[in-house]
Amino acid sequence: MAAVSFAGWAFIGTLLIVLSAGFLVSPGSPAPSIAVALSIATLAWAVILYTCLRSQWALLALSAGTLIAMGIAAFAAALSAYEFFWDGMTYHQLGILELAKGWNPVGSAELSTYPEDMWVNFYPKASWLVGNVVLQLTHELEAGKALNGFLLLLTFFSVLHALLALEFSATKACIGALLATTNPVALSQLMTFYVDGLLAMGLTSLIAFMVSASRGRHLAWLGVMSSGIFVTNLKFTGLIYVTVALATFTTYVWFTERARFRAVLASAATLILAVGIVGFNPYITNAQRHGHSFYPLKGEGAVDVIRNQTVPHFLEYNAASRFALSFFSRTSADSEGIGPQFKWPWQVRYRELAAMRSPDTRYGGMGPLFAITTLVAVGIGLVMFWQDRQWRTAMFALTLGVMVSVAINPAAWWARLVPQQWLVPCTLAFWGLLATSRPLRVLSALCVTTLFVNSALAGWVHCSEAIEKSAQLSAQLKVLRASEGTALFFRLGQLGRAPIEWRLEHAGIRYRDEPGCKVERELELFPPIGVCAR
């Protein structure tokens with residue numbers, strides 16, 4: 001398990017570093033060679049595997065085969081469904097396509113063709129870099145979603161190894177790893193290009209590697225660096241979350257362990273590589289060109305991306321009140337624009353299940369059962385803190401670190417912006433399984449089971465919806481392909497246009513754009529496009 005998690009993350013971290021270093025070395029040239037980056041990353045993968053297992057050839061072959069099988073399974077899952085959601089169909093896929101065309105974000109001119117180019121120019125690019133590699137290898141844009149499934153499986157092995165290093169039984173370790181990995185945000189974004197689920201998995205792996213490192217697993221420090229670099233370059237909040245995690249971990253190690261120098265060195269190296277090389281664009285270039293590393297969300301002319309995502313009166317409350325209102329709200333994507341709606345934590349309504357089709361639920365976004373399980377888990381944690389001296393310090397540090405990382409985000413009410421909150425009830429409920437009191441263990445087992453059910457609902461609703469809509473879209477594309485020179489009306493003009501055009505051309509559809517034509521029928525599964533009457 002150690003070999004799988006260490007080697008998998010070493011591959012991702014090395015790939016990002018080599019690709020980004022290529023942008024810096026040749027800022028006036030197109031994107032660096034994918035073949036070179038893949039070769040070096042594969043070498044790192046092989047070296048880590050060999051270092052972990054050496055003469056254990058059977059285990060080495062099994063670990064290598066497991067990683068390859070994970071990649072194939074993730075690739076197959078990604079191709080089983082199309083992307084249908086706003087962020088993915090506008091700037092995430094656009095970022096991948098622009099990199100594939102040879103755009104160098106460090107040295108090339110800022111993009112200015114499409115409305116969403118602003119986000120491509122100024123946002124972190126880790127998922128796009130990986131997506132570009134997958135696109136160029138497979139010539140399938142949708143295959144870029146394979147990173148979701150691969151990282152989900154990789155995180156499971158990372159957490160499993162950490163729990164085994166803590167000397168939990170294999171059964172408990174599997175339960176804990178599965179619980180931490182089945183984050184509702186990650187499962188509800190499995191068939192999309194959204195990055196919040198990736199952020200959740202990256203942070204979970206980062207914490208797992210910190211645990212492994214504290215138990216004397218030296219290669220885990222490379223895992224800390226790789227996952228930290230990846231998370232930092234997924235979203236601006238990733239840099240803040242990683243900084244909080246590294247600071248919490250370094251403080252914990254400083255007072256409880258001997259590996260103080262390693263913790264400080266690994267933390268410093270992670271942030272230097274994450275910001276200075278992989279994140280040179282956007283963190284350094286944004287500061288140089290626009291005066292703030294988090295531009296356009298901060299700095300002169302900042303764009304408020306939150307205000308238009310909810311009802312105005314909701315934002316009049318303070319951050320703590322907004323979080324509480326969302327926490328006790330029905331799960332909702334707020335398509336009606338009515339704001340959070342209170343419900344008792346134990347209630348589950350059918351509309352909540354329908355809302356979980358979206359990868360971007362606004363209120364109660366961790367699922368309809370999250371509130372009740374969190375309240376019960378907190379109660380379990382308080383009892384365990386009083387009774388269990390062995391794990392008290394570690395569990396307190398982990399829970400506090402996660403809660404601080406959630407609390408510092410003023411938009412913590414929006415679940416996908418703080419997906420790490422899932423780890424709070426997971427950690428506390430899992431801790432309760434170690435209780436000496438049988439009633440407390442039974443209550444903890446019920447809490448764990450409820451968390452699993454909550455996640456299963458999120459994953460099942462999202463994936464079944466995506467597969468069903470993909471079948472409909474495939475049928476529509478087949479009809480369009482049979483029509484010679486179909487006339488289409490792109491209702492939103494240039495918005496989301498590049499990925500749509502790529503999808504049409506990749507499907508072999510010959511079309512022409514006729515703005516303002518009489519629309520015969522709608523392609524509901526795209527951003528708004530009309531098929532013109534003959």
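Heavy atoms only: backbone and side chains are in, while hydrogens, waters and symmetry mates are out. What you see is a predicted model, and the numbers here were worked out from it, not measured in a lab.
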Evaluate the criterion side chain to side chain donor-acceptor pair (under 3.5 Å) for residue pair Thr310 and Tyr363; output intermediate values, then yes/no. CA-CA 10 Å; Thr310 185; Tyr363 317 113; 2.3 Å; yes
Any side-chain donor-acceptor pair under 3.5 Å between Thr155 and Ser205? yes
Is a side-chain N or O of Ser321 found less than 3.5 angstrom from the main chain of Tyr317, in a donor-acceptor match? no
Check the angle between the aromatic planes of Phe294 and His292 and answer parallel, tilted or perpendicular using the 30° and 60° thresholds. tilted
Kindly assign one of parallel, tilted or perpendicular to the pair Tyr295 and His290, based on the angle between their ring planes and the thresholds 30° and 60°. parallel
When you measure from the side chain of Ser470 to the backbone N and O of Tyr82, does any donor-acceptor pair fall under 3.5 Å? yes
Hey, is the main chain of Leu97 close enough, under 3.5 Å, to the side chain of Asn132 for a donor-acceptor pair? no
Determine whether the side chains of Trp414 and Asp360 contain a donor N or O and an acceptor N or O closer than 3.5 Å. yes
Expected output: side-chain Lys145 to main-chain Ala81 donor-acceptor under 3.5 Å: yes
Can you tell me if Gln420 and Ser405 form a side-chain donor-acceptor pair at under 3.5 Å? yes
Aromatic plane relationship, His92 with Tyr194 - under 30° parallel, 30 to 60° tilted, over 60° perpendicular: tilted
Would you check if the distance from the ring center of Trp128 to the ring center of Phe193 is below 6.0 Å? no
Examine Lys469 relative to Phe85 and say whether NZ or CZ is less than 6.0 Å from the centre of the six-membered ring and inside a 45° cone about the ring axis. yes
Counting N and O atoms only, with roles assigned by atom type, does the side chain of Asn183 sit under 3.5 Å from a partner on the main chain of Ala200, one being a donor and the other an acceptor? no
Is a donor from one side chain sitting under 3.5 angstrom from an acceptor on the other, for Ser5 and His161? no
Parallel, tilted or perpendicular: which fits the ring planes of Trp119 and Tyr91, with parallel below 30° and perpendicular above 60°? tilted
Between Arg441 (side chain) and Ala435 (backbone), is there a donor-acceptor pair under 3.5 Å? yes
Is the side chain of Gln189 donor-acceptor paired with the backbone N or O of Asp196 at a distance under 3.5 Å, no angle test? yes
Any donor-acceptor pair under 3.5 Å linking the side chain of Asn233 with the backbone of Ala126? no
Can the positive tip of Arg497 be found less than 6.0 Å from the middle of the six-membered ring of Phe490, inside 45° of the ring normal? yes
Is the backbone of Gly364 close enough, under 3.5 Å, to the side chain of Ser329 for a donor and an acceptor to pair up by distance? no
Under 3.5 Å donor-acceptor pairs involving side-chain atoms of residues 379-387, not counting sequence neighbours:
none

Test item: Ser455 side-chain N/O and Phe452 main-chain N/O as donor-acceptor pair under 3.5 Å: no
